[in-house]
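Just so you know, these numbers come straight off a predicted model, no measurement behind them. A, B, ... follow the sequence lines: proteins, then strands. Residue 1 opens every chain.
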Amino acid sequence: MQVFKNYFKILKSSKNVILIYMGIFMLLAVLFGLSQKDNSSADFEQSKYNITIINRDKETELVKTLRTHLSTTCNIIELEDDKETLMDAIFFHQIIYVLIIPEDFTEKFIDGEDIKFEKITIQQDVSINYVEMSINNFISTAKVFYDNNTQNLTNIEILGLVQNSLETQVNVSLSSVNMESNSNKFLETYLNYFVYIFMSIFILGISIVMSSYQDLDTKRRNLAAPISIKKINIQLFLGNMVYTTVSALILIAIGFLIAGKTIFDTQSILFIINALVFSLSALSIGFLIAQFPIKREGVIAISNVVSLGLSFICGAFVPIELISDNIIQIAKFTPSYWFIAANNIIAKSPEITSDIIRNILSHMGIQLLFTIALFTLALVVTKSNRAKEA
Amino acid sequence: MFQLYTTRIKILMREKSSLFWTLFFPIILSIFFFVVLNNAYSSHAIDTINIAIVSQVEEEGTGYTQFTEMMKQVSISENKKMFNITFTNSKNAKDLLDKNKITGYVLYDNGLNLVVKESGLYESITKSVLETYSKVTNTINNIYVLNGELISNAEIETLYQGGDYIINSNAINNPPDLVLNHYYSLIAMACLFGAMYGLKEVCDIQANLSAKGARLNASPVNKVKLALSSIMAAFTIQLTSILLLIAFLAFVLHVDFGDRILLIIITSIIGSLTGVLIGTSIGSISKKSEDFKSSLISSVSMLCCFLAGLMVVNMKYIIASKVPFLQYINPANLITDAFYSLYFYSSLNRFYVNISILCIINVILMIITFNSTRRTEYASI
């Protein structure tokens with residue numbers, strides 16, 4: 001097992017490099033996991049978004065009622081009516097929406113004139129839709145009341161009715177209170193991030209060792225040695241596997257430590273197995289890339305492209321619900337997609353049924369198929385490289 | 001000195017594979033970004049939501065029938081209904097929810113009750129639809145009680161649609177765009193990648209770092225001239241890559257940079273210089289191997305880009321609120337913000353702040369580099 005032992009000698013000589021990579025990427029993963037908003041309450045909580053209302057009209061009853069109504073769904077932050085201040089607040093994401101009530105809005109609105117609010121906002125997305133729905137609901141309800149004011153009610157009476165109509169009675173309850181949902185969210189995000197980390201660390205770590213075997217003289221000497229090529233390759237692969245598995249276990253352990261979750265329940269065990277299976281796929285990708293003779297800068301560039309690219313299309317950074325279907329179809333041809341899909345299923349199921357296990361196992365099976373295919377491809381490349389140099 | 005400069009450029013261009021990768025990898029990544037982020041943050045990407053409604057005997061006056069009719073009608077777009085509804089009993093509904101087959105189920109009993117599993121996007125959307133229904137029904141009832149007659153269907157329709165009472169303010173020309181942050185921080189990453197060139201150059205001229213360096217030091221060339229021409233060569237190559245990247249982003253992927261072309265070019269120049277100088281500083285002050293230093297540079301660059309919001313835009317805002325001073329020393333963040341300020345703000349205040357800090361960083365790095373590479377004596381052993 002000389003080659004196997006040699007693998008670790010080479011690794012040891014570059015241990016500083018490997019440790020830096022692992023350290024920094026681990027830090028990235030932890031920060032990323034901690035950055036996700038956690039739903040720590042046991043109740044259903046709708047996020048309250050930060051908005052600002054700039055009132056260029058007088059402080060009328062309509063404006064006051066609007067403000068009261070909006071404060072139930074949003075956090076209203078008071079800011080000056082100064083362009084720089086508002087732009088800064090949006091730039092730093094302190095608020096996501098500025099509602100500007102133009103001059104004489106109330107008068108024109110009650111008279112039935114076509115007057116609109118103005119907005120400054122971040123790009124249109126779900127949170128903006130939610131805020132605007134709140135505003136539009138109020139105004140359209142108020143309009144209907146004003147238009148149908150056959151009883152000649154006063155302003156205050158009408159607005160009272162508007163508020164009354166907008167008081168809803170939808171009770172939302174959570175079916176099963178999952179007190180561990182907090183740590184699950186962190187773990188789910190942290191483990192999804194493994195797509196990026198594993199690829200980066202493995203591609204770089206593997207190429208560090210394999211590059212010393214790529215050197216032409218070394219290769220020729222090895223070919224002349226009494227140990228067969230097959231044995232060399234197998235031992236190299238075993239060395240790679242030990243390296244990747246140990247790194248994976250360290251990263252997983254840190255994740256569970258920070259999440260504070262026990263590793264002995266079914267969910268955790270499934271998380272760990274899924275991550276280890278994915279580490280094999282990442283290993284095979286790294287092994288394949290290491291077969292090509294590329295310099296260090298090139299390897300760093302390729303590892304960035306592969307890891308970032310795969311992470312993006314498989315939904316490691318941007319939630320998978322927001323990615324278009326076409327991209328998801330392409331992503332299904334990568335093992336990382338199945339890893340993340342399995343992760344998401346495990347995270348959402350506090351009670352594991354046999355259905356769910358079957359689903360997860362099929363995801364893991366697909367990852368293993370990718371591993372075998374990529375490894376085979378790597379061996380083919382090795383052979384063709386050898387044929388070229390012989 | 002000009003000859004030194006051109007020679008170094010020729011040397012850099014000879015390594016075709018590294019050149020290829022450092023030029024094209026940001027472009028390839030930007031294509032990935034484009035493909036994924038194109039519609040990511042817009043609201044078009046919602047799927048039909050699976051829910052269940054606990055079926056009831058339809059009694060007069062409860063409004064159950066109107067409710068179920070509304071739920072069946074409501075749609076996301078022309079051909080896409082909002083909900084895929086299963087009518088069943090409450091035990092079955094709970095079962096479906098536990099198996100993740102539905103987002104939630106509705107119980108129409110003394111008002112609307114929604115049972116869900118978590119506070120997610122689809123759950124919030126479902127809740128909003130139910131709330132709208134409740135509000136509109138209240139309004140119709142209140143007006144009926146008031147006037148003795150129902151409002152017109154057109155008005156009911158408007159109440160459901162919400163109407164369109166808000167327009168974009170003309171106060172800003174370019175709406176803030178979260179997707180742009182990804183592209184700008186990609187440019188920042190490409191700039192920081194120039195550190196590789198800087199590192200290589202320094203290693204080639206330092207006697208204690210490479211054989212080539214030892215030979216160069218034995219020659220009569222002025223060390224400062226040598227260092228300067230190396231840095232300029234690396235900077236030239238790096239600047240060319242960055243400008244090509246920006247051109248690609250602007251003309252092929254139609255990323256919006258705003259109109260201030262000259263300032264965009266200046267930002268690219270300063271950003272590229274920062275990248276190269278980071279490489280030269282780290283290369284000259286540390287005596288470890290080139291491999292170690294390049295690994296250090298690349299991993300620290302990724303960390304900086306991560307904190308500038310390359311992968312998750314949220315990270316940028318978390319840093320801005322929790323560790324604000326970090327955004328002013330993180331070079332990736334400074335470059336990203338410089339580009340973003342050019343796009344977003346009409347005044348140049350924020351842009352100048354970012355560029356000034358970058359220039360200060362450049363000067364410091366230059367001092368470090370020249371200090372470490374100037375006259376050093378090596379003992380000959």
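Using a 4.5 Å heavy-atom threshold, the side chains of A:M26 and A:I197 count as separate. A:L66 places a side-chain heavy atom less than 4.5 Å from the side chain of A:L99. At least one side-chain heavy atom of B:L192 sits less than 4.5 Å from a side-chain heavy atom of B:C304. Counting heavy atoms from C-beta outward, A:I135 and B:Y165 have side chains that stay 4.5 Å or more apart. Side-chain atoms of A:E132 and A:K119, non-hydrogen and from C-beta on, do get closer than 4.5 Å to each other. No side-chain heavy atom of B:L96 sits less than 4.5 Å from a side-chain heavy atom of B:Y105. B:I166 has its side chain within reach of A:Y97: a pair of non-hydrogen atoms, C-beta onward, lies under 4.5 Å apart. A:I24 has its side chain within reach of A:I20: a pair of non-hydrogen atoms, C-beta onward, lies under 4.5 Å apart.
The parts of B:L310 that come within reach of chain A are both its backbone and its side chain, each placing non-hydrogen atoms under 4.5 angstrom from that chain. When heavy atoms are compared at a cutoff of 4.5 Å, B:K293 does not approach chain A at all. Contact annotation for A:I313: both backbone and side-chain heavy atoms come within less than 4.5 Å of a heavy atom of chain B. At a 4.5 Å heavy-atom cutoff, B:V106 makes no contact with chain A through either its backbone or its side chain. In this structure, no portion of A:N326 lies under 4.5 Å from any heavy atom of chain B. No part of A:D114 comes within reach of chain B, as not one of its non-hydrogen atoms sits under 4.5 angstrom from that chain. The part of B:F193 that comes within reach of chain A is its side chain, from C-beta onward, which places non-hydrogen atoms under 4.5 angstrom from that chain. Within the 4.5 angstrom heavy-atom criterion, only side-chain atoms of B:I318, from C-beta onward, approach chain A. B:L97 touches chain A through its side chain: at least one heavy atom from C-beta onward sits under 4.5 Å away, while N, CA, C and O do not. Of the two parts of B:F33, only the side chain, counted from C-beta on, holds a non-hydrogen atom closer than 4.5 Å to a non-hydrogen atom of chain A. Contacts between A:L31 and chain B at a heavy-atom distance below 4.5 Å involve backbone atoms as well as side-chain atoms. Only the side chain of B:I28 has a heavy atom closer than 4.5 Å to any heavy atom of chain A. With a 4.5 Å cut-off on non-hydrogen atoms, A:L161 touches chain B through its backbone and its side chain both. Within the 4.5 angstrom heavy-atom criterion, no atom of A:F292 approaches chain B.
No hydrogens or angles considered: a donor-acceptor pair under 3.5 Å links the side chains of A:S134 and A:T73. Using modelled atom types and a 3.5 Å distance limit, the side chains of B:S298 and A:Y21 yield a donor-acceptor pair.
The candidate with the highest count of non-hydrogen atom pairs below 4.5 Å against chain A, out of B:M196, B:M189, B:M302, is B:M302. When B:L303, B:I167, B:T139, B:V115 are compared by the number of non-hydrogen pairs under 4.5 Å with chain A, B:I167 comes out ahead. Contact count against chain A (heavy-atom pairs under 4.5 Å) is highest for B:L296 among B:I31, B:L307, B:L296. For chain B, the option among A:F91, A:F92, A:F145, A:F25 with the highest count of heavy-atom pairs below 4.5 Å is A:F91. Across A:D355, A:I302, A:I90, A:I18, the residue that shares the most heavy-atom pairs under 4.5 angstrom with chain B is A:I302. Top candidate by heavy-atom pairs under 4.5 Å with chain A, chosen from B:S347, B:A320, B:G104, B:S299, is B:S299. Among B:N349, B:D337, B:N141, the residue making the largest number of heavy-atom pairs under 4.5 Å with chain A is B:D337. Ranked by non-hydrogen atom pairs under 4.5 Å with chain B, the options A:L28, A:L27, A:I327 are led by A:L28. Put simply, of B:Y340, B:F25, B:F32, B:Y317, the one with the most heavy-atom pairs under 4.5 Å next to chain A is B:Y317.
With respect to B:K127 and B:E123, no salt bridge is recorded, no charged nitrogen being found less than 4.0 Å from a carboxylate O.
A ring-centre distance under 6.0 Å is found for A:F317 and A:F312. A centroid separation of 6.0 Å or more is found between the aromatic rings of B:F351 and B:Y345. The six-membered or imidazole ring of A:Y196 lies away from that of A:F32, with a centre-to-centre distance of 6.0 Å or more.
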